[in-house]
Amino acid sequence: MSVTVIVGSQWGDEGKGKIVDILSERYDIVVRYQGGANAGHTVLVGDNQFILHLIPSGILRENTVCVIGNGVVIDPKALLEEINLLESLGINIKNRLYISQNAHLIMPYHKLLDSISESGANKIGTTGRGIGPCYIDKYARKGIKIVDLLDSNVLEEKIKINIEEKNNLLRKVYNHDEMDVDEITKEYLEFDKIIDQYITDVPSFLNTAIAEGKSVLLEGAQGTLLDVDHGTYPFVTSSNPTSGGACTGSGIPPTKIDSVIGIVKAYTTRVGLGPFPTELSDDMGSKLREVGAEYGATTGRPRRCGWYDAYMLNYSRMINGIERAAITKLDVLSNLDEIKVCVAYEINGKKLKSYPTDVNQMMLVKPVYEILPSWKTDISKIKYYDDLPPEAKDYLSFISQQSGFEICFISVGPQRQQTIEL
Ligand code: GDP
Ligand code: IMO
Ligand code: MG
């Protein structure tokens with residue numbers, strides 16, 4: 001049995017939800033290890049579309065147990081909405097969902113501070129879900145955790161201290177209305193009544209399960225280039241989506257991780273601000289957006305689209321230790337005149353020797369492209385690798401060789417059955 005990490009290899013929205021759903025059938029437990037309701041993981045089951053923000057995509061397989069790890073920041077309102085929605089669709093959550101007592105809570109002031117910050121000079125293009133301010137409080141050691149919900153006196157005291165501080169800031173710096181301690185305490189105590197039953201000592205639960213031979217799939221949110229340490233800082237999220245984050249965000253030690261699978265879109269997209277060397281701001285970009293339905297699953301924002309960036313994927317492979325990759329949305333590249341793949345970055349005509357994460361350098365980068373022919377045929381119903389057109393096979397083998405990983409899945413449509421396994 002195995003412990004596998006699934007990572008987004010680009011800027012998020014690679015199709016992690018779909019691939020985690022496919023793999024979940026083979027694993028006993030699926031764990032989300034970082035991020036919050038900024039994520040939007042889409043799973044299509046027949047005509048039903050599920051967009052999961054906090055609960056692992058494994059919840060749609062009835063025999064899979066789902067865990068939200070300590071690295072996740074939980075907006076109780078979003079969580080309850082998700083639980084209610086899934087239950088209304090007949091999906092059983094009871095005894096299948098476990099939430100770490102050490103996960104931090106997103107508070108109303110986190111969302112407010114996120115939106116205030118986005119209206120200033122340090123705009124990132126966030127999802128507005130309060131993610132950054134919640135992780136700020138976590139690392140400033142002021143955060144309120146799931147475990148704090150268990151004692152109403154502790155909760156009230158912590159909310160009081162935090163709100164006094166935030167009210168000071170809101171009043172003095174932002175000239176904004178103050179927030180009400182009693183109202184927020186009451187609201188969070190109500191959440192506790194429902195969430196209480198799911199609260200668990202997650203590291204013990206997971207490590208015992210692994211010792212008993214159970215298999216675990218760790219589902220990352222966002223993507224490598226949105227990682228706060230390894231991404232295109234400051235245009236990143238505030239957590240570690242990369243594979244190292246799977247250990248800190250779940251309590252599973254590195255010695256127990258068997259493999260890392262990268263989810264890799266056959267082209268590139270990005271939502272929000274920040275450098276994007278292979279971005280297409282022309283008709284080709286619009287075509288990829290329309291054919292690939294590239295609109296944010298959480299915010300509905302149009303995603304910026306561009307060519308596949310093998311230079312970036314090579315970096316992503318290195319940071320995450322990706323050995324195998326699931327290539328998604330290959331169908332979107334059908335019927336193009338030609339397909340470009342970025343194989344190197346240049347600044348002032350000189351090729352870079354290593355991947356830049358300094359944002360000023362990133363802005364200057366010019367992609368060096370190789371051009372490949374497209375396939376002028378619909379591949380969305382193909383079930384076996386051998387039946388793919390030769391140009392599609394050549395494209396896959398080129399990106400796999402340039403990026404340095406093996407391909408284990410090829411996704412040719414959003415449905416479960418539109419998946420080729422190698
Ligand atoms: P995630 O955040 O990585 O889980 O990805 P999202 O769910 O935000 O975005 C991926 C989108 O692409 C969703 O709408 C999926 O239904 C869709 N999708 C996934 N795989 C494929 C594929 O192979 N082909 C096409 N056309 N759509 C896909
Ligand atoms: P999934 O899991 C794509 C982006 C935002 C913004 C930056 C910071 O569906 O792949 P934040 O709200 O996290 O402070 O925003 O990160 N971002 C995502 N982009 N997919 C996501 O999640 C994202 N989650 C955050 O657009 O640029
Ligand atoms: Mg998404």
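Each ligand, and each atom within it, is numbered from 1 in the order the structure gives.
The nearest heavy-atom contact from the protein to atom 27 (O) of ligand 2 is V271 O, 3.0 Å. Here the protein heavy atom with the shortest distance to atom 10 (C) of ligand 1 is D13 O, 3.9 Å. Atom 4 (O) of ligand 1 has G17 N, 2.8 Å as its closest protein atom, hydrogens excluded (heavy atom only). Nearest protein neighbour of atom 24 (N) of ligand 1, counting heavy atoms only, is D331 OD1, 2.8 Å. Summary of contacts: the protein heavy atom closest to atom 13 (O) of ligand 2 is T237 OG1, 2.6 Å. The protein heavy-atom contact nearest to atom 23 (C) of ligand 2 is Q222 CG, 3.6 Å. Nearest protein heavy-atom contact of atom 23 (O) of ligand 1 is S411 OG, 2.5 Å. Of the protein's non-hydrogen atoms, the one nearest atom 6 (P) of ligand 1 is G40 O, 3.6 Å. Annotation: atom 7 (O) of ligand 1 to nearest protein heavy atom, T42 OG1, 2.5 Å. Summary of contacts: the protein heavy atom closest to atom 15 (O) of ligand 2 is T126 CA, 3.3 Å.
Separation of atoms CD1 (I19) and OG (S24) is listed at 10.5 Å; rounding is to 0.5 Å. Rounding to the nearest 0.5 angstrom, the gap separating the NZ atom in K160 from the CG atom in L155 is 13.0 Å. In this structure, the separation between CZ on F276 and CG on D309 is 8.5 Å, given to the nearest 0.5 Å.
Two rings, from F398 and Y395, have their centers 6.0 Å or more apart.
A cation-pi contact links K393 to Y385, judged by a cut-off of 6.0 Å to the six-membered ring centre and 45° from its axis.
Proximity of K16 to ligand 2 is established by a heavy-atom distance of less than 4.0 Å. Assignment of G40 to the shell around ligand 2 is supported, since a heavy atom sits closer than 4.0 Å. Under a 4.0 angstrom heavy-atom cut-off, G413 registers as being in contact with ligand 1. Residue R129 places no heavy atom under 4.0 Å from ligand 2.
Among the atoms of K18, none of the N or O lies under 3.5 angstrom from an N or O of ligand 1. By the 3.5 Å distance cut-off applied to N or O atoms, G12 is not counted among the residues near ligand 1. Between L44 and ligand 1, no N or O atom pair is found at a separation short of 3.5 Å. Residue L330 places no N or O, backbone or side chain, under 3.5 Å from any N or O of ligand 1. Between H41 and ligand 2, at least one pair of N/O atoms sits closer than 3.5 Å. Checked by distance only, ligand 2 and D114 stay at 3.5 Å or farther apart across all their nitrogen or oxygen atoms.
Atom CG of D283 sits in a sparse spot, with 12 or fewer heavy atoms from other residues, nucleotides or ligands closer than 6.0 Å. Within a 6.0 Å radius of CD in E338, more than 12 heavy atoms belonging to other residues, nucleotides or ligands are found. Atom CG of N122 is surrounded by 12 or fewer heavy atoms from other residues, nucleotides or ligands within 6.0 Å. The neighbour count for R324 CZ, taken as heavy atoms of other residues, nucleotides or ligands under 6.0 Å away, does not exceed 12. The local environment of CD in E25 is sparse, with at most 12 non-hydrogen atoms from other residues, nucleotides or ligands closer than 6.0 Å. Around atom NZ of K366, no more than 12 heavy atoms belonging to other residues, nucleotides or ligands sit under 6.0 Å away.
Remark: of the listed residues R289, K329, R304, K329 is the sole one forming a salt bridge (Lys or Arg N to Asp or Glu O under 4.0 Å) with E294.
For ligand 2, the atoms lying closer than 4.0 Å to a non-hydrogen atom of W11 are 3 (C), 19 (N). Here is the list of ligand 2 atoms found below 4.0 Å of a heavy atom in G125: 5 (C), 6 (C), 26 (O), 27 (O). When each atom of ligand 2 is checked for a heavy atom of A39 under 4.0 Å away, the hits are 1 (P), 2 (O), 9 (O), 22 (O). Under a 4.0 Å criterion applied to the non-hydrogen atoms of G15, ligand 1 contributes the atoms 1 (P), 3 (O), 4 (O), 5 (O). Counting the atoms of ligand 2 from 1 in the order shown, those under 4.0 Å from a heavy atom of A221 are 2 (O). Taking every non-hydrogen atom of R301 and a distance limit under 4.0 Å, the qualifying atoms of ligand 2 come out as 5 (C), 26 (O). Every atom of ligand 2 is numbered from 1 in the order shown, and the set under 4.0 Å from a heavy atom of G272 is 27 (O). In summary, the atoms of ligand 2 found under 4.0 Å from a heavy atom of L226, numbered by their order in the structure, are 4 (C), 16 (O), 17 (N), 18 (C), 19 (N).
Taking a cutoff of 4.0 Å between a charged side-chain nitrogen and a carboxylate oxygen, R26 and E421 qualify as a salt bridge. In this structure, K166 pairs ionically with D137, as a charged nitrogen and a carboxylate oxygen lie closer than 4.0 Å. A salt bridge is absent between E62 and R96; no separation between the charged side-chain nitrogens and carboxylate oxygens falls under 4.0 Å. Under the 4.0 Å criterion applied to side-chain N and carboxylate O atoms, R129 and D75 are not assigned as salt-bridge partners.
Residues forming a side chain to side chain contact (heavy atoms under 4.5 Å, CB included) with E118 (at least two apart in sequence, or on another chain): D114, K123, I124, T126.
Taking the Mg ion (ligand 3) as the corner point, the angle from G40 atom O to D13 atom OD1 is about 170° (rounded to 10 degrees).
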Is there a side-chain hydrogen bond (donor to acceptor under 3.5 Å, both in side chains) between K18 and T328? Walk through the geometry before answering. CA-CA 9 Å; K18 173 182 163 165; T328 61; over 6 Å; no

Applying salt bridge (charged side-chain N to carboxylate O under 4.0 Å, His left out), run through K265 and D13 and close with a yes or a no. CA-CA 8 Å; K265 203 179 274 191; D13 303 326; 5.8 Å; no

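Scanning T127, V236, D13 for the heavy atom closest to atom 8 (C) of ligand 2 points to V236. The closest non-hydrogen atom to atom 18 (N) of ligand 1, taken over S380, P414, G223, comes from P414. If you check each of E219, K329, Q415, R303 against atom 9 (O) of ligand 1, the one with the closest non-hydrogen atom is R303.
Residue-level proximity to ligand 1 for I51 is absent, since no heavy atom of it falls below 4.0 angstrom.
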